[in-house]
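Residue numbers run from 1 in the order of the sequence given. In each ligand, atom 1 is the first atom listed, and ligand 1 is the first ligand listed.
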Amino acid sequence: FAALRDVSQSGAPLYLQLKKNIEEAVKRGLIGPGDALPSERDIAAEADISRVTVRKAVQDLVKSGVLVQRHGSGTFVAPRMERVEQSLSRLTSFTEDMARRGMAARSQWLDRGIYTASPDEMMVLGLSASELVSRLSRLRIADETPLAIERATISASVLPDPHEVTSSLYMALGKTGHRPVRAVQRISAVNLGEAEAQLLAVPMGSACLQIERISYLASGKVIEFTKSIYRGDAYDFVAELRLPG
Ligand code: GLP
């Protein structure tokens with residue numbers, strides 16, 4: 001960690017210099033994915049700066065996804081992201097997609113409640129004014145890496161209590177005979193704002209893919225309207241193309 005000692009007096013705020021040094025050390029492979037960072041106290045002593053300065057630099061790097069903090073065990077260089085290759089022609093759920101890769105899917109709930117349908121939701125789900133919907137907003141996490149933010153809307157006539165969804169939405173829908181069998185998706189490119197970037201642990205402005213999915217029951221009724229934001233550094237979407245006709 002000699003690089004950390006090299007916090008010079010070049011005029012830039014000290015925490016920015018330390019941040020740059022840590023980033024450099026990661027880039028040059030002096031500290032690799034999964035390596036533990038020395039304690040705040042040790043870095044402060046080595047670089048002869050205050051612990052507050054160290055904390056500020058480390059917190060910035062956690063926000064931008066360079067470092068990860070694990071409760072109780074310290075700060076580590078973020079593990080290298082393995083890209084997820086996702087088929088665009090199979091109607092699967094996040095939980096199923098991750099299970100197939102041997103990863104454990106988990107969600108952090110951002111919102112889960114009953115609301116009056118918005119005009120967009122009314123149009124997509126074929127509802128009339130004042131009808132209710134269940135909204136489920138989640139940060140989707142696989143093996144402790146945040147991969148996507150998903151905001152799903154289901155008509156409250158199908159899902160009257162969003163708390164029935166504990167882990168998988170599709171599993172909960174399947175239990176009541178409402179598993180979708182067909183979906184239409186629109187993919188567009190977006191740059192992340194600050195709040196979403198923080199949730200996904202990537203720098204603000206990072207490239208992401210926004211996917212809107214409208215899914216249908218066998219009867220043709222729309223069952224789900226979901227807007228998802230997938231990390232651009234984590235996902236490849238793959239589709240098989242055939243000659244028309
Ligand atoms: C995918 C889709 C979403 C869908 C979700 C269900 O991520 N993009 O439209 O709502 O899967 O996942 P789960 O059943 O794991 O909650």
Side-chain angles (χ1 to χ4, degrees), residues 81-115 117-118 120-121 123-127 133-190 192 196 199-202 207-218 220-239:
M81 185 80 240
E82 278 228 22
R83 294 181 73 86
V84 170
E85 207 163 273
Q86 178 68 46
S87 164
L88 277 176
S89 44
R90 272 197 309 262
L91 179 51
T92 49
S93 74
F94 182 82
T95 308
E96 292 161 347
D97 292 338
M98 295 307 127
R100 205 161 2 92
R101 298 184 171 88
M103 294 163 101
R106 179 167 87 71
S107 295
Q108 180 187 319
W109 286 98
L110 306 173
D111 185 23
R112 186 167 27 168
I114 295 279
Y115 294 87
S118 70
D120 265 7
E121 290 167 335
M123 283 201 278
V124 172
L125 296 169
L127 302 173
V133 292
S134 277
R135 285 195 199 137
L136 307 110
S137 299
R138 296 175 284 175
L139 176 64
R140 314 289 326 243
I141 302 163
D143 283 355
E144 299 313 306
T145 305
L147 290 180
I149 298 169
E150 294 202 302
R151 299 187 175 94
T153 305
I154 312 285
S155 162
S157 63
V158 172
L159 184 68
D161 179 7
H163 290 88
E164 277 167 32
V165 181
T166 45
S167 53
S168 163
L169 170 63
Y170 279 13
M171 210 188 285
L173 290 176
K175 275 191 195 149
T176 57
H178 293 97
R179 164 86 197 210
V181 298
R182 187 174 82 82
V184 178
Q185 289 197 158
R186 183 210 303 270
I187 305 184
S188 37
V190 289
L192 286 185
E196 286 168 336
L199 285 170
L200 290 171
V202 292
C208 274
L209 293 157
Q210 174 176 277
I211 302 196
E212 287 178 86
R213 178 182 289 188
I214 298 176
S215 49
Y216 299 82
L217 297 176
K221 187 178 155 36
V222 177
I223 181 76
E224 170 198 16
F225 176 36
T226 295
K227 281 190 185 180
S228 310
I229 294 173
Y230 288 85
R231 270 172 65 165
D233 64 341
Y235 269 88
D236 289 320
F237 288 94
V238 182

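- Using a 4.5 Å heavy-atom threshold, the side chains of Q108 and I141 count as touching.
- At least one donor-acceptor pair closer than 3.5 Å links the side chain of R101 to the backbone N or O of E85.
- Within the 3.5 Å criterion, the main-chain N or O of L159 finds a donor-acceptor partner in the side chain of S134.
- Shown in contact with T95 at under 4.0 Å from a heavy atom are these atoms of ligand 1, numbered in order with element: 13 (P), 15 (O).
- Not less than 6.0 angstrom separates the ring centroid of Y170 from the ring centroid of F94.
- For Y230, every heavy-atom contact with ligand 1 shorter than 4.0 Å involves the side chain, none the backbone.
- The shortest contact between atom 14 (O) of ligand 1 and any protein heavy atom is with S168 OG, 2.5 Å.
- Between E224 and R151 there is no salt bridge, since no side-chain nitrogen of the basic residue lies less than 4.0 Å from a carboxylate oxygen of the acidic one.
- Heavy-atom contacts of R140 reach the following atoms of ligand 1: 12 (O), 13 (P), 15 (O), 16 (O) (cutoff under 4.0 Å).
- Scored by the salt bridge (charged side-chain N to carboxylate O under 4.0 Å, His left out) test, R90 finds no partners at all (sequence neighbours excluded).
- In L169, the parts holding a heavy atom less than 4.0 Å from any atom of ligand 1 are both the side chain and the backbone.
- Of the heavy atoms in E96, none comes closer than 4.0 Å to ligand 1.
- Each of the atoms 16 (O) of ligand 1 lies under 4.0 Å from some heavy atom of R138.
- In A152, neither the side chain nor the backbone holds a heavy atom less than 4.0 Å from any atom of ligand 1.
- Per-residue contacts place S228 under 4.0 angstrom from the following atoms of ligand 1 (heavy atoms of the residue considered): 8 (N).
- Taking atom 7 (O) of ligand 1 as the reference point, the nearest protein heavy-atom neighbour is E150 OE2, 2.7 Å.
- In this structure, D111 contributes its side chain and S137 its backbone to no donor-acceptor pair below 3.5 Å.
- Not one N or O of Q185 is nearer than 3.5 Å to an N or O of ligand 1, by distance alone.
- Against a heavy-atom cut-off of under 4.0 Å, E224 is close to the following atoms of ligand 1: 3 (C), 4 (C), 9 (O), 10 (O).
- Electrostatic pairing of E121 and R135 counts as a salt bridge here, judged by a charged N lying under 4.0 Å from a carboxylate O.
- Using modelled atom types, no side-chain atom of R231 and backbone atom of A201 make a donor-acceptor pair closer than 3.5 Å.
- The protein heavy atom nearest to atom 11 (O) of ligand 1 is F94 N, 3.0 Å.
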